[in-house]
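Okay, so here's the structure we're looking at.
When reading the values below, keep in mind they use all heavy atoms of this one structure, side chains included, and skip hydrogens, waters and symmetry mates. Letters go in sequence order (proteins before strands), and every chain restarts at 1.
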There are 4 protein chains.
Amino acid sequence: MPTPDPGRRNERARRAVLDAALGLLPETGYADLTVEAIAARAGVGKQTIYRWWRGKGAVILDALVEAVTAAGPVALPDTGDLRTDLRAVVRSTVAEFADSQLSATTRALTIETLADDALAEQARDRLLRPQLDAVKDRLRAGQHAGQVRAEVDLDQAVELLFGPIYHRWLLRTGPLTDDYADSLVELALAALAP
Amino acid sequence: MPTPDPGRRNERARRAVLDAALGLLPETGYADLTVEAIAARAGVGKQTIYRWWRGKGAVILDALVEAVTAAGPVALPDTGDLRTDLRAVVRSTVAEFADSQLSATTRALTIETLADDALAEQARDRLLRPQLDAVKDRLRAGQHAGQVRAEVDLDQAVELLFGPIYHRWLLRTGPLTDDYADSLVELALAALAP
Amino acid sequence: MPTPDPGRRNERARRAVLDAALGLLPETGYADLTVEAIAARAGVGKQTIYRWWRGKGAVILDALVEAVTAAGPVALPDTGDLRTDLRAVVRSTVAEFADSQLSATTRALTIETLADDALAEQARDRLLRPQLDAVKDRLRAGQHAGQVRAEVDLDQAVELLFGPIYHRWLLRTGPLTDDYADSLVELALAALAP
Amino acid sequence: MPTPDPGRRNERARRAVLDAALGLLPETGYADLTVEAIAARAGVGKQTIYRWWRGKGAVILDALVEAVTAAGPVALPDTGDLRTDLRAVVRSTVAEFADSQLSATTRALTIETLADDALAEQARDRLLRPQLDAVKDRLRAGQHAGQVRAEVDLDQAVELLFGPIYHRWLLRTGPLTDDYADSLVELALAALAP
DNA sequence: AGTTAAACGAGACGGTACGTCAGGTCTTCGC
DNA sequence: GCGAAGACCTGACGTACCGTCTCGTTTAACT
C-alpha cells in the first residue's frame with residue numbers, strides 16, 4: 001500500500017472531514033465519537049478517512065491544529081509588567097479548561113495522546129508548543145529585565161505556571177477561576193523573582 | 001434484579017479478576033484491554049465482572065486501590081528539614097512517572113478518569129487524596145515551623161509541587177529525573193518560603 | 001475458535017435466519033442478497049449467522065433443505081405404467097424450472113454450488129439425491145418389469161431424463177413446457193426400452 | 001457521455017485486458033476475480049475496462065469468444081458413421097468438462113450466465129451455438145442417411161447428448177471419462193435410431 | 001442433612017463499530 | 001480526447017467486544 005499521492009487529494013473532502021469531526025465532538029463526546037459517524041456527517045467514504053488518517057485521534061488533532069493555526073500566530077502581550085502579562089495568559093488558560101465545551105476537546109485529545117505516542121508528539125509540537133513558547137519568550141524578556149532570576153530554567157518556569165492547572169483539571173481538586181489564576185501567578189512569581 | 005448480595009460474593013473470583021486485570025494491563029495496554037480478556041484470564045464468566053463492576057475502568061481502579069492500600073498507610077518522613085522531605089517525595093513521584101510499567105497504569109487510570117466523572121471522583125478520593133494529604137500535612141508542619149509563608153494555600157502548594165510533573169509527563173516535554181525533581185523542589189521552596 | 005456448542009443454539013434465531021433468507025431471496029435476487037440484510041430481516045446479530053454458517057450460501061442451502069424436508073419424503077407414483085410415471089415427474093421438474101420463483105432459488109444454489117465444492121456436495125446429497133434416487137427406484141422397478149433394458153446404467157438413465165432440462169434451462173435454448181417434457185420422456189424411453 | 005468512439009479504441013489495451021482476464025481466471029478462481037486485479041495485471045486504468053465492458057462477466061465472455069474464434073470455425077467430422085463422429089465430439093466435450101483448467105472457465109461463465117440474462121444470451125449465441133449447430137448439422141445428415149428417425153427434433157437430440165454431461169458436471173454425480181462418453185452416445189443413439 | 005436461592009462458569013445472543021475490500025464513477029494528467 | 005492512474009463515495013465484508021441473557025453447576029445459608 002504505497003502512500004497515496006497528496007497532490008491528488010480532494011480538498012473538499014479534507015475540509016468536510018475536519019469540520020464534521022469538530023462538529024460531532026461536542027455532540028457525542030470523544031469516547032462515543034466514531035469514524036463511521038464522521039464519515040457519514042462529512043458525506044465521505046470511510047476509506048477516504050482511513051486513506052489519509054490513522055484513526056479518529058489523528059483526525060481530531062488535525063482539526064484542532066487547523067482551527068488553532070487559523071486563529072493566527074500566538075503572541076503574548078508585553079506591557080512591561082510581567083505580573084500583568086502572566087495574569088492575562090494564565091487567566092485565559094484557566095478559563096479554557098473551565099469552559100466545558102473547550103474542555104471536552106482538550107479531554108479528547110489528552111485521551112488519545114495517552115494511548116498513542118506518535119500522536120502525543122504531534123499534539124505537543126503542533127498544538128501546544130507555540131503556546132508554551134510564547135510564554136517562554138515573555139519570561140525570557142522578563143529575565144533580561146531582571147524580573148526573573150537568571151539561573152531559572154525557563155521550561156521549568158512554564159511548567160510551574162501551567163502544570164498546576166493540569167493537575168487541578170485532571171483531578172478536579174478545586175475550582176478553575178480567575179482568582180485561582182491570579183494566586184497561581186503570585187506563587188509562580190514568588191518562585192521566579194530574584 | 002436489585003443489587004447483588006455482597007455477603008455471598010466469591011472472594012476467589014474477586015481476586016482472580018483484579019489480578020488478571022493488573023496482569024493484562026502492561027501486556028496489552030489500557031486501550032486494548034477488554035472485559036472479555038479479563039474474564040478469560042481470570043477464568044470467570046463475564047457476568048461475574050458486570051455483576052460487581054461497571055466496566056473495565058472500575059475494575060482497574062479497584063485493583064489499583066487494592067494494590068496501594070496493601071502497601072500500608074502513606075506517611076511522609078518529617079526530618080525537620082522541609083527541603084529534604086520534599087525532595088524525597090518528589091523524587092519518588094517523578095520516578096514513578098518515569099517507570100514505564102507504573103506509568104502504564106497511571107496512564108490507564110487517567111484515560112478512564114477523563115472519560116468518566118464518577119470514576120474520576122473515586123480515583124481522586126481513594127487513590128490520590130491520601131498521597132496528597134500526606135504532603136499537605138508535611139507542608140502544614142513546615143508552615144508552623146515558619147518555613148512556609150502563613151498565607152499560602154496549601155492545596156495550591158501541593159499542586160505547585162506535583163502539577164509540573166503531570167505537565168511534563170503528559171506532554172513529554174523533558175526528562176523525569178532526580179535532578180529535575182530537585183530543581184522542582186527548589187522552585188517550589190522559593191515560592192513558598194517567607 | 002472451537003466449534004460452538006449446538007446444544008446451546010437458539011432455535012428461534014435459527015428459524016428467523018432461515019425464514020429471512022428464504023423471504024429475501026425472491027425480493028433481491030441471489031447476487032444482491034447479503035448476510036447483513038438477512039441478519040437485519042431476521043432481527044439477529046451478524047455474528048449469530050457467522051457462528052453457525054459459513055456464509056450466505058450455506059444459509060440458503062439449509063433453508064432449502066429444511067423447506068424440502070418439511071414437505072415430507074419423496075416418492076414417485078408407481079402406476080405400473082412407466083411412461084405415465086415418468087411423464088408426471090418430468091413434467092413437474094420442467095414446471096419447477098419454468099417457474100420464475102422456484103427457478104430463482106435453484107439459480108441461487110447453482111451459483112453457490114459452482115463456487116464452493118463443499119457446498120456442492122451438501123446440495124447434491126441433501127437436496128437432489130433423494131429426488132434422483134426416487135426416479136432411479138422407479139426405473140429399477142421398470143427394469144424388473146422388462147420395460148427398461150437390463151444392461152442400462154440407471155444413474156445414466158436418470159441423467160438422460162434430467163440432463164436435457166438443465167441444458168435447456170442454463171442455455172435458455174427453448175421453452176420449458178409440458179409438451180417438451182412429454183417428448184423428452186419419449187426420447188428417453190426409446191433409449192431405455194428393450 | 002454517449003458510447004465512446006470505437007474508432008479511437010486502443011487495441012493494445014483491449015488485448016492486455018483480455019489476456020489478463022484469461023490469465024487470472026485459473027489463478028484466483030472466478031468468484032475472487034476482480035476488475036481491479038484485471039486492470040492492475042493489464043497495466044490499464046479501471047475506467048478503461050468500464051468504458052468498454054459492463055463488468056468482469058463481459059470481459060471474460062469476450063476473452064473466451066476471442067479464444068474460441070481464434071481456433072477457427074467449428075466443424076464436425078463426417079466419416080459417414082454417426083456413432084464414430086458422435087463419440088469423437090462427445091468424448092472431447094466430456095474431456096473439456098473434466099479438465100480442471102478449462103472447467104474453471106466454463107464454471108466462471110456459467111455463474112455469470114446465471115446472474116445476467118443479457119450475458120447469457122451472448123454466451124449462448126456467440127460461444128455455444130456454433131458448437132451445438134455443428135452437432136445438429138451432423139445429426140441432420142444422419143437423419144437424411146436414415147440413421148436418425150425423421151420425426152426427432154434435432155434440438156432435443158443435441159440436448160440429449162450434452163444435457164447429461166452438464167448434469168453430471170454440475171452435480172458431480174459421477175466420473176467424466178471416455179467410457180462415460182461412449183455409453184452416453186450408445187444411449188443417445190438408441191433413442192434416435194429408427 | 002436437605003433444601004433452596006444466589007452466585008458462579010460458560011457462552012450464545014442482538015448490537016455497534018471496526019478496518020478492509022471491491023464496485024463503479026469522477027478527476028487529473030500526459031500523450 | 002483517449003488512456004493511465006488513482007482518489008472518490010458506497011456498501012458489504014467478516015471480526016471483535018459490548019453488555020444482557022439464559023443455561024446448568026457449585027456453594028453456602030437456612031431450615
### Query
Roughly how many Å is it from CD in C:Gln47 to C1' in E:dC13, rounded to a whole number?
10 Å
### Task
Tell me which of B:Val44 and A:Arg54 sits closer to the 5' end of DNA chain E, going by the nucleotide each one is nearest to.
B:Val44
### Query
More than 12 non-hydrogen atoms from neighbouring residues, nucleotides or ligands closer than 6.0 Å to CZ on A:Arg12, yes or no?
no
### Query
OP1 or OP2 of E:dG14 sitting under 4.0 Å from any side-chain N/O of C:Thr48?
yes
#### Entry: Presence of B:Trp52 side-chain N/O under 4.0 Å of E:dA7 phosphate oxygens OP1/OP2
no
### Query
Mapping A:Asn10 and D:Ala13 onto DNA chain F by nearest heavy atom, which one lands closer to the 5' end?
D:Ala13
#### Entry: Length of the CD1-P vector between B:Ile49 and E:dA7, whole Å
16 Å
#### Entry: Interatomic distance where CH2 belongs to A:Trp53 and P belongs to E:dG19 [whole Å]
15 Å
### Query
More than 12 foreign heavy atoms under 6.0 Å from CZ of B:Arg51: is that the case here?
yes
### Message
What is the distance, to the nearest angstrom, from the OH atom on B:Tyr50 to the P atom on E:dA7?
### Response
18 Å
### Message
Quick check: any donor-acceptor pair below 3.5 Å linking the side-chain of A:Lys46 to the base of E:dG19?
### Response
yes
### Query
With respect to the phosphate group of F:dA16, does any side-chain polar atom (N or O) of B:Thr34 fall under 4.0 Å of OP1 or OP2?
no
### Query
Would you say C:Arg15 has more than 12 foreign heavy atoms packed within less than 6.0 Å of its CZ?
yes
#### Entry: C:Arg12 CZ - F:dT22 P separation (whole Å)
9 Å
### Task
Pick base, sugar-phosphate or nothing for D:Gly43, based on heavy-atom distances below 4.0 Å to the nucleic acid.
sugar-phosphate
### Task
Could you check C:Ala39 against D:Lys56 and say which one's nearest nucleotide on DNA chain E is further toward the 5' end?
C:Ala39
### Task
By nearest nucleotide on DNA chain F, pick out whichever of A:Arg14 and C:Arg8 is the more 5' one.
A:Arg14
### Message
Whether A:Arg51 contacts F:dC8 is assessed here as follows: a side-chain N or O lying under 4.0 Å from the phosphate OP1 or OP2. Is that the case?
### Response
yes
### Query
From the list F:dC18, E:dG11, E:dG23, which nucleotide is the closest neighbour of the side chain of B:Glu36?
F:dC18
### Query
How long is the line joining CD1 of D:Ile38 and P of F:dA4, in whole Å?
14 Å
### Query
Just by modelled atom types, is the C:Glu112 backbone N or O under 3.5 Å from a matching donor or acceptor in the C:Lys56 side chain?
no
### Query
What is the distance, rounded to the nearest whole Å, between atom CG of A:Asp32 and atom P of E:dC18?
11 Å
### Message
Between P on E:dC13 and CZ on C:Arg15, what's the gap in Å once rounded to a whole number?
### Response
15 Å
### Task
With B:Thr110 as reference, evaluate A:Thr110, A:Leu170, A:Ile111 under the side chain to side chain contact (heavy atoms under 4.5 Å, CB included) test and give the passing residue.
A:Leu170
